Amino acid sequence: LAEVPNLRDLHIQNCSDLATHSLPSDMPALRSLVLSRVAGLSDLVGFPQLAGLEELSIDDCDSLQSIRGLPELKKLRRLNLFGLDELKDL
């Protein structure tokens with residue numbers, strides 16, 4: 001994904017092995033990131049390189065316990081979080 005610096009929207013859904021790979025980080029044009037039913041994802045970090053992100057939606061990621069770096073998303077206008085039963089740290 002690092003080879004698509006102009007990507008504006010990224011939806012990752014029903015991905016079982018994303019936890020073993022890193023999420024996109026250096027994507028300056030990314031405006032919308034949707035993570036849905038991503039099994040095994042326990043910790044979400046790396047937002048400083050996504051400074052242009054305006055929308056973040058995370059749903060039904062059953063193992064997600066921590067989302068770190070949200071305050072660094074200065075352009076974030078929409079945040080949707082639901083179905084995150086294990087989430088303990090924002």
Side-chain angles (χ1 to χ4, degrees):
L1 291 174
E3 297 178 18
V4 287
N6 296 320
L7 187 68
R8 294 182 53 86
D9 300 295
L10 178 61
H11 294 230
I12 301 174
Q13 185 173 353
N14 295 323
C15 182
S16 61
D17 67 344
L18 185 66
T20 61
H21 305 290
S22 72
L23 283 172
S25 58
D26 191 15
M27 303 179 98
L30 195 67
R31 299 296 176 253
S32 173
L33 176 60
V34 177
L35 302 172
S36 179
R37 294 182 295 278
V38 178
L41 183 64
S42 63
D43 191 31
L44 192 55
V45 295
F47 291 116
Q49 295 84 3
L50 299 177
L53 200 65
E54 297 174 358
E55 178 180 353
L56 176 62
S57 180
I58 306 171
D59 69 90
D60 296 324
C61 295
D62 297 333
S63 301
L64 189 61
Q65 296 179 6
S66 176
I67 301 173
R68 293 182 281 159
L70 287 177
E72 296 159 10
L73 296 174
K74 303 297 183 198
K75 294 185 178 183
L76 191 67
R77 293 183 294 151
R78 183 176 297 147
L79 177 63
N80 298 312
L81 303 173
F82 53 94
L84 306 176
D85 299 336
E86 297 297 319
L87 188 63
K88 297 177 176 82
D89 185 27
L90 270 179

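This is a predicted model, so every value here is computed, not measured.
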Quiz item: What are the two closest non-hydrogen atoms of A29 and P5, and how far apart are they?
Solution: CB-O, 3.4 Å
Self-check item: Rounded distance (nearest 0.5 Å) linking atom CG of L64 with atom CG of D85
Solution: 11.0 Å
Exercise. First locate atom CD of E86, then atom CD of Q65, and finally report the distance between them rounded to the nearest 0.5 Å.
Key: 6.0 Å
Practice problem: Mind checking side chain to side chain donor-acceptor pair (under 3.5 Å) for R78 and listing every partner two or more places apart, or none if nothing turns up? | Solution: none
Quiz item: What side chain to side chain donor-acceptor pair (under 3.5 Å) pairs are there with at least one residue in residues 54-64, not counting sequence neighbours?
Solution: S36-D59, E54-R77
Quiz item: Rounded to the nearest 0.5 Å, how far does SG of C61 lie from CD1 of I67?
Solution: 8.5 Å
Self-check item: Linked, directly or transitively: L33 and L84 (ILVMFWY side chains, under 4.5 Å)
Solution: yes
Quiz prompt | Note, L35 side chain near L41 side chain (heavy atom, < 4.5 Å) | solution = yes
Quiz prompt | Spacing of CG belonging to L70 relative to CD belonging to E72, to within rounding of 0.5 Å | solution = 9.0 Å
Quiz item: In terms of hydrophobic clusters joined by side-chain contacts under 4.5 Å, are L50 and L7 together?
Solution: yes
Practice problem: Using the side-chain contact (heavy atoms from CB on, under 4.5 Å) rule, pick out the option among L53, L10, L56, D9 that qualifies with S32. | Solution: D9
Quiz item: For the atom pair CG (L79) and CG (L73), what is the distance rounded to the nearest 0.5 Å?
Solution: 9.0 Å
Quiz item: Would a 4.5 Å heavy-atom cut-off, applied to side chains only, mark L90 and L81 as touching?
Solution: yes
Quiz prompt | Which residues share a salt bridge (Lys or Arg N to Asp or Glu O under 4.0 Å) with K74, sequence neighbours left out | solution = none
Quiz item: Listed by chain and number, what are the side chain to side chain donor-acceptor pair (under 3.5 Å) partners of N14, not counting sequence neighbours?
Solution: R37
Self-check item: Salt-bridge contact D89-R68 (side-chain N to carboxylate O under 4.0 Å)
Solution: no
